[in-house]
Number of protein chains: 2
Amino acid sequence: MAERRSERLAQIVGAARALLEERGPDALTMRSVAETLGIRAPSLYKHVPDKADLETAIVADGLAEMADVHAAAIAGHPDPLLALAQTYRAWALHHPHLYRLMTAKPLDRDRLPEGLEDRAAAPIVDACGGDPDRARAAWAFAHGMVSLELADRFPPDADLGAAWSAGIDAYRPMEVSADPPR
Amino acid sequence: MAERRSERLAQIVGAARALLEERGPDALTMRSVAETLGIRAPSLYKHVPDKADLETAIVADGLAEMADVHAAAIAGHPDPLLALAQTYRAWALHHPHLYRLMTAKPLDRDRLPEGLEDRAAAPIVDACGGDPDRARAAWAFAHGMVSLELADRFPPDADLGAAWSAGIDAYRPMEVSADPPR
DNA sequence: GTCTATATCAAGATAGAC
DNA sequence: GTCTATCTTGATATAGAC
């Protein structure tokens, strides 16, 4: 999995990701993936051991993309925490099904490229000044906001922008956060 | 749904909740619910319109229970935010499948008892001093922590207790949060 | 309010031929 | 590396008799 892929395998993962993103998790079936490529479902099993492996490949794709996007977002930004929060939210909202696949179940770390998980986490740790506990709390906040928004679980009248601001302020270094917003 | 229930309906909801909690969402089928009660699946449809309605009844059950547990947790507690956080986490971890059903998709507010959603949210708003935006941020943090823990998505070496502490401190009133815990 | 019978649908995966 | 044929499984829900 971590080694170089055949062309065909890359096509399969690409088709699977597109299917997931465009039509949701229920549409991600071995049959549909095959159909997209103009072949039959059983043929996929010459390239992929099973569906779980295919999903892991999609997750790896998403993780790598998120890592790049977030690293770029904080680079040289005067307010990295704010930049990261905005980028995190925007990416998740643009890739709802993929985001859910990436966060709703355990990572299959054995089948994931070495170091990828850390690379994806690095921008958050950086933005939190290197404190891993604070970084996990900040991640939980962002993940909670995003997953409740994706699940449409906030009350209809909730001001999510204001909730994000309240949360971001809470994670700022003390000197800044001691300064009341208004 | 919000009106008084027949005995039979209460038994059905109870059996369904037990099935969900003990054997997970895939085990929650109309067949299994019926089997638990010693009847056949089609008979359920004399009492419940469809499966979605049954799930909503389970969610209402869980919401009411959470509302009571959390209200009791903050009542007269010197550190309501801490008490609430601990109670929130413990309840979710003890009811993982139910918690997920309650948070992973939109509430069917039309079939939920009037005022229940607000009653469940009240303890968090109270613990946040009445500020709804701050309360939503705090809820998102707690939900994020819990759902990542339930999904086993944190790295194996993560100190979740420390992450919770970091997050809770961030949501304290300013005066207190400037004061280090120990 | 319960039953049996059934419609309807769809999934992941394997065997073995070419 | 692709195919056809098939296994195995299991779900929600309705019709209509009793």
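Everything quoted here is computed from the prediction, not taken from an experiment. All chains are named by letter (A, B, ...) in the order of the sequence lines, taking the proteins before the strands, and each is independently numbered beginning at 1. Hydrogens, waters and symmetry mates are skipped; everything else that's a heavy atom, side chains included, is used.
- Minimum interatomic distance between B:A83 and B:A73 (heavy atoms only, all atoms of both residues): CB-O, 3.7 Å.
- More than 12 heavy atoms of other residues, nucleotides or ligands lie within 6.0 Å of CD in A:E65, so this atom counts as buried by the packing criterion.
- Contact between A:A71 and A:P123 at its shortest, heavy atoms only, is N-CG, 3.8 Å.
- Counting to the nearest Å, the P atom of C:dA11 and the CD atom of A:E35 are 10 Å from each other.
- A:D26 has its CG atom 16 Å from the P atom of D:dA11, to the nearest Å.
- Rounded to whole angstrom, the span from the CG atom of A:L19 across to the P atom of C:dA11 amounts to 11 Å.
- Side-chain N/O atoms of A:R8 include one lying less than 4.0 angstrom from OP1 or OP2 on D:dT2.
- One interatomic measurement links the two molecules: CE of B:M30 to C1' of C:dA7, which rounds to 17 Å at whole-angstrom precision.
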query = How far apart are the C-alpha atoms of A:E21 and A:R17, what are their side-chain angles, what is the distance that settles it, and do they pass the salt bridge (Lys or Arg N to Asp or Glu O under 4.0 Å) test?
reply = CA-CA 6 Å; A:E21 296 219 54; A:R17 174 175 169 173; 2.6 Å; yes
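- Between B:K51 and A:P42, the residue anchored closer to the 5' end of DNA chain D is A:P42, taking for each the nucleotide with the nearest heavy atom.
- A:S43 has no side-chain polar atom (N or O) that falls below the 4.0 Å cut-off from OP1 or OP2 of D:dG1.
- D:dT14 atom P lies 7 Å from atom OH of B:Y45, rounded to whole Å.
- For the pair B:D50 CG and D:dA13 P, the computed distance is 5 Å after rounding to whole Å.
- Residues A:K46 and A:R31 each lie close to DNA chain D; by heavy-atom proximity, the contact nearer the 5' end of the strand is made by A:K46.
- Per the geometry, CZ belonging to A:R40 stands 19 Å off P belonging to C:dA13, to the nearest Å.
- Proximity note for B:H47 (side chain, C-beta onward) versus D:dA13, D:dA11, C:dT2: the nearest is C:dT2.
- The separation between B:Q11 atom CD and C:dG1 atom P is 11 Å, rounded to whole Å.
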